[in-house]
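Here the structure comes first, spelled out in structure tokens, and everything after it is commentary.
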Amino acid sequence: MEYNFNEIEKKWQRFWAENRTFGAENRSPKPKYYILDMFPYPSGAGLHVGHPLGYIASDIYARYKRLKGFNVLHPMGYDAYGLPAEQYAIQTGQHPAKTTEQNINRYREQLDKLGLSFDWDREVRTCDPRYYKWTQWTFIQLFKHYYDNNAQKAMPISKLVETFEKEGNANVNAACDEKTPQFTAAEWSNFSEKERQEILMHYRIAYLSDSMVNWCAGLGTVLANDEVVNGVSVRGGYPVERKLMRQWSLRVTAYAERLLKGLDEVEWSESLKEIQRNWIGRSEGASVFFPIEGDNRSFEIFTTRPDTIFGVTFMVLCPEHEMIAEITTSEQKAEVEAYVTWAKNRSERERQAEVKKVSGVFTGAFAVNPLTKERIPIWVSDYVLAGYGTGAIMAVPAHDSRDFAFARHFNLPIIQVVVPDGEQPEDTDTWSESKDSKSGTCINSDFINGMPVKKAITAVIDRLVEMGIGQRKINYRLRDAIFSRQRYWGEPFPVYYKDGIPYIMDESELPLMLPEVESYLPTSTGEPPLARAKDWTYKGCPIDYNTMPGFAGSNGYYLRYMDPHNDKEYFSAEAAGYWQCVDLYVGGIEHATGHLLYSRFWNKFLHDIGKSCVEEPFRRLVNQGMIQGRSNFVYRIKGSNKYVSLHLKDNYETDPIHVDINIVDNDVLDLEKFRQWRPEFADAEFILEDGRYICGYEIEKMSKSMFNVQNPDDIVEKYGADTLRMYEMFLGPIEQSKPWDTKGIEGVSRFLKKCWKLYHNADNNFCVSDEEPTAEELKILHRTIKKVSEDIEKMAYNTSVSTFMICVNELTDLKCGKRKILEPLCILLSPFAPHICEELWQLLGHTESVTFATFPTWDEKYLAENNCNYAVSFNGKTRFVVSLPSDMPKEEVERQVLQMPDTQKWLQGNTPKKVIVVPRKIVNIVI
RNA sequence: GCCCGAGUGGCGGAAUUGGUAGACGCGUCGGUCUCAAAAACCGAUGAGGUUAAACUCGUGCCAGUUCGAUCCUGGCCUCGGGUACCA
């Protein structure tokens, strides 16, 4: 073998490990660059070819940046806490720590084979006590702080206590629970310890509360909103119900505005930013108080359309609304109570499935429209949600589709108050749907008649403020993150309970180690597995039995990489000051509303308390696409053990059967291997076409059950890591999802062989000449440098690979074996194919790794085109193209073109009326 | 329903963002070498048309702007993603 990749790759991987070639220094005169991959959850299945896509992409960038003179931090670790390890433990009794360790070792082995330039000295594992100590530490800080809306940042809770002691909480503007009571300084001083702690809990950023949670009985735990899709759990697909439980939450909503604003500062894809914006769901509107008829109280609603207040024909409360019992009339009481009970018992999935079904009940009570003084019936319906706004709405059926459906169903009046642009007022009885458009002119609306909607909104709010019954308000769809899980394999809470009051452990006693238990199941009384731990107490008090959710450990891992061995603090101020933030983050888009949001929140908080240096943790983010599987099929004739080739299958009645892609080559089935594959195929018969069995294919998710998993180890074994790296990049743009297809890999493999030959003579001896390169050779080199540099910056690696191929083909044609061309080319290629380039670099006579070389720069003088193409058009129709010097003046171009025989031919004897010359582009002749 | 994004040969994908569409790779066909095969190398390859050329049509569809549109504008179709009683 001429190019022995197996030997070369092993040699250099060992060299890099022994020499710590990719170690990053926390002090360096070089500029810093931090490149991060989303660390993997080490599952039992190992890596398939889809996983390394992002790792290879970031590795190329990391190697490129090193060559560009940057001190590059490129770490890797493991998100090691999680459900699969625990479920495996429940089934087999094996400790999750053990299986996790095994999986990590397997992952490491696979990653090492790819030649990724990670600084493994900085590895972190979220389940390591030396790591989760700091997850617990951050939780303690979250507990000890509250969010001050005036300062727009987190402040120590002790400051809040000072204010309470001085003046109570009347003037405190902080993020807190809706139900926080008001009190004076005197009342505060008279409160018991328990009462004080309860009040403070309303303000803490990490707080304990009875909240409606997503309870998943199948998993035996609660889940965060982003872990639930369509009423079932993302993991496992078990049904989820709403349940009131005492849980830890993080007050993420306090940061809603900053999370939204921060998106404008980062270089992320527009689609990802949109996903986060929608998830945060900011909407501007007004809160309005509607008095209750015959009662001196009123209730608050939220609306984004205060301009439609003259079209309100009824009000709706959510079934959980606390005023229902108080306002319902005695005649309606039974009916209302029955409805409320029914609505509360309905599962989340039922409710979501029956969204179109209208239900509700009249309370018998009336509200008064504060502007018209009209009486408006108050209804209860579950189309109004408890968790958003105030759980009560003013219904404008003419201009809201949900209110419209409700009004039609219960025969309530519909009044048009907005006429969309270009329309006339209509009889609402004839409508089949409401007119929800936010542009139009107001009618039937007293003082805002004739105003456009936008102006009317402001006018109504101004009036409501004047009357003291409303104000401008901004609402968010974002909810606080539920932070407890009733699971074993996670970080324990550093919290103990004394007299039923939760207290935080002393920071000096961290980490609070995860205790051993005999079984990983919940206890018979339904308590989390940690309740099984023996002698697990703190100062004689019980410790919280919950653990933190999967996303806890990944929130701040990028910060720990900056200073991973620090046992005094999370990370030093010096390390954070040097590395600042992640410059380039590469990972999957599936974390858009989970990790990427929580992590930003976590960082903002750490920034507020002076730990993290910057507000936004991830400056540039690239989402690599998914690699899908390409499944192969054989077609079995019904009721037989006979298999028919793809293009003949329509002549028979067949069943498609998944077949292992490892016994198929370019869609051609290996008949022998197929017979050996499974006993039932041992005596299979075939109907062939052209002597071969052709399999069908389909693009599906890569999964074991579809026998379409491509293991990277096999590819590395057969073609080498450099080929795999380049091929994965050549497949298409990084951000795009695409099917894995081994067909094209031969092309890349050939390219690397050609590359090797460029540096070797016919006898496979290394051979470069010291001859001076020709102008043509220099042009090829500099064109390549330019294109590759620009493409790497954009991470358009697929075109870089093409550029290399063209370059090597051209140099091969010229038989160019000149050092002055091949040396820079070797550096240029090394981020993509590091092993072969290290070998060539050594053969070129260098003793240091190519990692420490300098990336070549291009010189325009070798690129200047002497000629450029002009398209020659007649009356706008381009007829031919001519090549003229690019610096030729317009007048000369015009003169020369007009003299050309082709021009004369197309003029057909006519005289040109006008000639337009667009420099370097076109000559248009008008006849 | 609402909000994003994308539609280019047999396939993956290029195109200096308004200037010769289809780079590069795969596949296919033909050839060189060989007893043969593999490997390697050379040539052809959007469609129609012709002995060959000329020429015509071609970037989801329909219009528009322009001397000129894969690129800009408007409308539609299809696919992918997000979200879903959020008032």
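Values reported hereafter were calculated over all heavy atoms of this structure, with side chains retained and with hydrogens, waters and symmetry mates removed. Reminder, nothing fancy here: chain letters follow the sequence lines and each chain counts from 1.
- Residue-level contact check: A:Lys473 touches neither bases nor backbone, having no heavy atom under 4.0 Å from any strand.
- Comparing B:G25, B:U83, B:C4 against the side chain of A:Ser271 picks out B:C4 as the nearest.
- A salt bridge links A:Arg282 to A:Glu257: at least one charged side-chain nitrogen sits closer than 4.0 Å to a carboxylate oxygen.
- When each of B:G12, B:A87, B:G27 is scored by its nearest atom to the side-chain atoms of A:Ile393, the top-ranked nucleotide is B:A87.
- The side chain of A:Leu385 sits closest to B:C85 out of B:C85, B:C41, B:G25.
- A:Asn623 places a side-chain N or O within 3.5 Å of a backbone atom of A:Gly587 that can act as its donor or acceptor partner.
- Heavy atoms of A:Asp403 sit nowhere under 4.0 angstrom from any nucleic acid atom.
- For A:Lys435 and A:Trp431, the positive end sits near the middle of the six-membered ring, less than 6.0 Å away and at most 45° from its axis.
- Atom CZ in A:Arg725 sits about 21 Å away from atom P in B:G25, given to the nearest Å.
- In this structure, A:Pro739 reaches neither bases nor backbone, as no heavy-atom distance under 4.0 Å exists between it and the strands shown.
- A:Asp264 has a carboxylate O that lies under 4.0 Å from a charged side-chain N of A:Arg277, or vice versa, which qualifies the two as a salt bridge.
- The closest side-chain donor-acceptor pair between A:Tyr388 and A:Ser283 falls under 3.5 angstrom.
- When heavy atoms are screened at a 4.0 angstrom cut-off, A:Arg282 is found touching no nucleic acid atom at all.
- Each of B:G25, B:C42, B:G82 was ranked by its minimum atom distance to the side chain of A:Asp813; first place goes to B:C42.
- You'll find that the side chain of A:Ser802 is closest to B:A23, out of B:G25, B:A23, B:G13.
- In this structure, the OH atom of A:Tyr383 is 19 Å from the P atom of B:A84, given to the nearest Å.
- Note on A:Val748: nothing from the nucleic acid sits closer than 4.0 angstrom, heavy atoms only.
- Closest to the side chain of A:Arg477, out of B:A87, B:U83, B:G13, is B:U83.
- The partner of B:A36 cannot be assigned: no Watson-Crick or G-U wobble pair with both contacts below 3.5 Å exists in any strand.
- Closest to the side chain of A:Arg750, out of B:C26, B:A84, B:C4, is B:C26.
- Among the protein residues, A:Arg277 comes within range of no part of the nucleic acid, since none of its heavy atoms lies under 4.0 Å from any strand.
- Counting only heavy atoms from C-beta on, A:Ser283 has its side chain closest to B:A87 among B:C24, B:A87, B:C26.
- Within the 4.0 angstrom heavy-atom criterion, no nucleotide atom of any strand lies near A:Glu270.
- Listed nucleotides B:A87, B:G82, B:A14 differ in distance to A:Thr304; the shortest reach to its side chain belongs to B:A87.
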